[in-house]
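Pasting a structure here, questions to come.
When a residue number appears, it is its place in the shown sequence, counting from 1. Computed over heavy atoms, backbone and side chain alike; hydrogens, waters and symmetry mates excluded.
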Amino acid sequence: MTRVSFKSFAQRAIAIGLLCSSLSFAEVKNTPTATYQAEDTSRFQVSVGPSLALLESVVGFGAAAQGLFHLTSSFYVGLELGYYKWSQSVASGSTSLSTSISSIPILAVALYKFKMVSDEFIPYIGVAAGVSLTSGGVTFLGTSFSNSKANFEILAKPGFEFVLSPRISLMLEPKLGILNSSFVFLPNVSVGFSF
């Protein structure tokens with residue numbers, strides 16, 4: 001019986017492991033999913049869509065647009081712009097009070113898309129931070145007061161992308177975060193275009 005040293009055995013095991021992993025990688029690379037991803041040469045993705053808007057307990061509405069630059073196979077950076085509006089009125093007898101707030105966020109975005117077996121469904125996670133140009137107004141007994149200022153805004157951006165074609169996708173994104181010191185929840189449905 002031939003004796004084999006541990007060093008020789010370890011070298012052979014490593015060589016076999018590397019050979020098997022390279023064969024496995026080659027097999028995965030030739031699957032339809034990997035082929036589709038390799039052929040996708042899109043460098044930019046632009047999306048736009050409507051949004052609900054919850055500011056603390058006040059429900060509003062709005063829309064958001066986002067432009068992303070494809071840095072790596074999974075990592076994107078870009079810019080998000082939007083417009084959101086909240087209104088609330090309280091009346092008691094002949095006395096009424098109404099308030100309105102509008103916000104225009106200008107946010108830097110970083111996004112990571114997870115690789116999945118299916119090309120049609122892509123979960124992702126991201127963060128957006130920047131400035132929100134906010135204006136508010138109060139009307140009480142016929143007299144109006146208003147104020148505008150820039151506030152800090154930061155959002156977590158979990159979401160799902162449903163690929164409809166190589167260039168068009170549908171995105172569902174329940175964004176949530178902080179506007180100034182107030183909680184915001186901004187669920188958004190958008191259509192994305194890659195080019």
If you round to the nearest 0.5 Å, how far is OH of Y84 from CG of L52?
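The CG atom of L52 sits 10.5 Å away from the OH atom of Y84.
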Given ring-ring contact (aromatic ring centres under 6.0 Å, His included), test F44 with F69 step by step and report yes or no.
CA-CA 5 Å; F44 298 97; F69 177 70; 5.3 Å; yes
Mind checking whether F193 and I168 have side chains closer than 4.5 Å, heavy atoms only?
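Yes - at least one pair of side-chain heavy atoms lies under 4.5 Å apart.
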Heavy-atom pair with the smallest gap, counting every atom of F121 and F162
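Here F121 and F162 meet closest at CD1-CE2, 3.4 Å.
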Check G159 against P174 and note the closest heavy-atom contact, atom names and distance.
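Residues G159 and P174, closest heavy atoms: CA-CD, 4.4 Å.
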Non-hydrogen side-chain atoms of V184 and L155 separated by less than 4.5 Å:
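Side-chain contact under 4.5 Å: yes.
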Please name the pair of heavy atoms, one in P105 and one in S103, separated by the smallest distance, quoted to 0.1 Å.
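Where P105 meets S103 most closely, the heavy atoms are CD-O, 3.6 Å.
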With hydrophobic residues grouped by side-chain heavy-atom distances under 4.5 Å, do V131 and L79 end up in a single group?
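Same cluster: V131 reaches L79 through Ile, Leu, Val, Met, Phe, Trp or Tyr contacts under 4.5 Å.
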Hey, does the Lys NZ or Arg CZ of R167 hover above the aromatic six-ring of F195, less than 6.0 Å from the centre and inside 45° of the axis?
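Negative - R167 is either too far from the ring of F195 or too far off its axis.
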Classify the ring geometry between F185 and F183 as parallel (under 30°), tilted (30 to 60°) or perpendicular (over 60°).
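Geometry flag for F183 against F185: parallel rings.
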Search all heavy atoms of S100 against all heavy atoms of S87 and return the closest pair with its distance.
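Between these two residues, the closest heavy atoms are CB-OG, 3.9 Å.
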Is the backbone N or O of P187 less than 3.5 Å from a side-chain atom of S51, with the two atoms forming a donor-acceptor pair by type?
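Yes, because the side chain of S51 sits within donor-acceptor range (under 3.5 Å) of the backbone of P187.
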Apply ring pair (Phe, Tyr, Trp, His ring centres under 6.0 Å) to F145 and list each qualifying residue two or more places apart in sequence or on a separate chain.
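Partners of F145 under the ring pair (Phe, Tyr, Trp, His ring centres under 6.0 Å) test: none.
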List for me each residue that meets salt bridge (Lys or Arg N to Asp or Glu O under 4.0 Å) alongside E80, sequence neighbours excluded, and say none if there are none.
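Once residues adjacent in sequence are excluded, the partners of E80 under the salt bridge (Lys or Arg N to Asp or Glu O under 4.0 Å) criterion are K157, K175.
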Atom pair OG (S194) and CD (E161), whose distance is rounded to the nearest 0.5 Å
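Answer for the OG-CD pair, S194 versus E161, is 6.5 Å.
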Would L111 and I125 count as a side-chain contact (heavy atoms from CB on, under 4.5 Å) here? Give the steps.
CA-CA 6 Å; L111 200 87; I125 186 74; over 6 Å; no
Note, L81 side chain near I106 side chain (heavy atom, < 4.5 Å):
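Side chain of L81 against side chain of I106, heavy atoms only: contact under 4.5 Å found.
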Any chance you could measure R43, atom CZ, to L68, atom CG, to the nearest 0.5 Å?
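Rounded to the nearest 0.5 Å, the CZ-CG separation comes out at 12.5 Å.
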Are the side chains of S144 and T139 in touch, meaning some heavy atoms are under 4.5 Å apart?
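A side-chain contact under 4.5 Å exists here.
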Is it true that V127 and L176 fall in one hydrophobic cluster, defined by side-chain heavy atoms closer than 4.5 Å?
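As far as the 4.5 Å side-chain criterion goes, L176 and V127 are not connected within one cluster.
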Ring pair (Phe, Tyr, Trp, His ring centres under 6.0 Å) partners of Y83, counting only residues at least two apart
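Per chain and number, Y83 pairs via ring pair (Phe, Tyr, Trp, His ring centres under 6.0 Å) with no residue.
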Under the 6.0 Å and 45° cation-pi test, does K113 pair with Y76?
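Satisfied, under 6.0 Å and within 45°.
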Shortest non-hydrogen contact from G130 toward L107
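Looks like N-CD2, 3.4 Å.
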Can you hop from L164 to M171 via hydrophobic side chains spaced under 4.5 Å?
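No; M171 is not reachable from L164 via cluster members.
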Can you name the nearest heavy-atom pair linking F61 to A53, along with the distance?
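Nearest heavy atoms, F61 then A53: N-CB, 4.0 Å.
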Could you tell me whether the side chain of N188 and the main chain of G49 form a donor-acceptor pair under 3.5 Å?
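Looks like yes, one N/O pair under 3.5 Å.
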Evaluate Q88 against S98 for side-chain contact (heavy atoms from CB on, under 4.5 Å), listing each step before the verdict.
CA-CA 6 Å; Q88 193 172 27; S98 63; over 6 Å; no
With a 4.5 Å limit on heavy-atom distance, are the side chains of K85 and I101 in contact?
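No. Closest side-chain heavy atoms not under 4.5 Å.
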Please round to the nearest 0.5 Å and tell me the distance separating atom CD1 of I154 and atom OG of S132.
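Between atom CD1 of I154 and atom OG of S132 there are 13.5 Å.
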Roughly how far, to the nearest 0.5 Å, is the CG atom of L133 from the CD1 atom of I104?
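Result: 6.0 Å between the selected atoms.
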Taking the side chain as every heavy atom from C-beta outward, state whether T95 and F140 have any atom pair closer than 4.5 Å.
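They are in side-chain contact.
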Using 0.5 Å steps for rounding, measure from the CD1 atom of I178 to the CG atom of N151.
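Interatomic distance, I178 CD1 to N151 CG, rounded to 0.5 Å: 12.0 Å.
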May I ask you to test the L186-E173 pair for a side-chain heavy-atom distance under 4.5 Å?
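Heavy-atom side-chain distance check fails, nothing below 4.5 Å.
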Could you check if a side-chain atom of V189 sits within less than 4.5 angstrom of a side-chain atom of L170, using non-hydrogen atoms only?
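Yes - at least one pair of side-chain heavy atoms lies under 4.5 Å apart.
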Please report the C-alpha distance between K115 and S73 in whole Å, then the side-chain angles of each, then the deciding distance to 0.1 Å, and finally whether the side-chain contact (heavy atoms from CB on, under 4.5 Å) criterion is met.
CA-CA 9 Å; K115 292 190 181 234; S73 62; 3.3 Å; yes
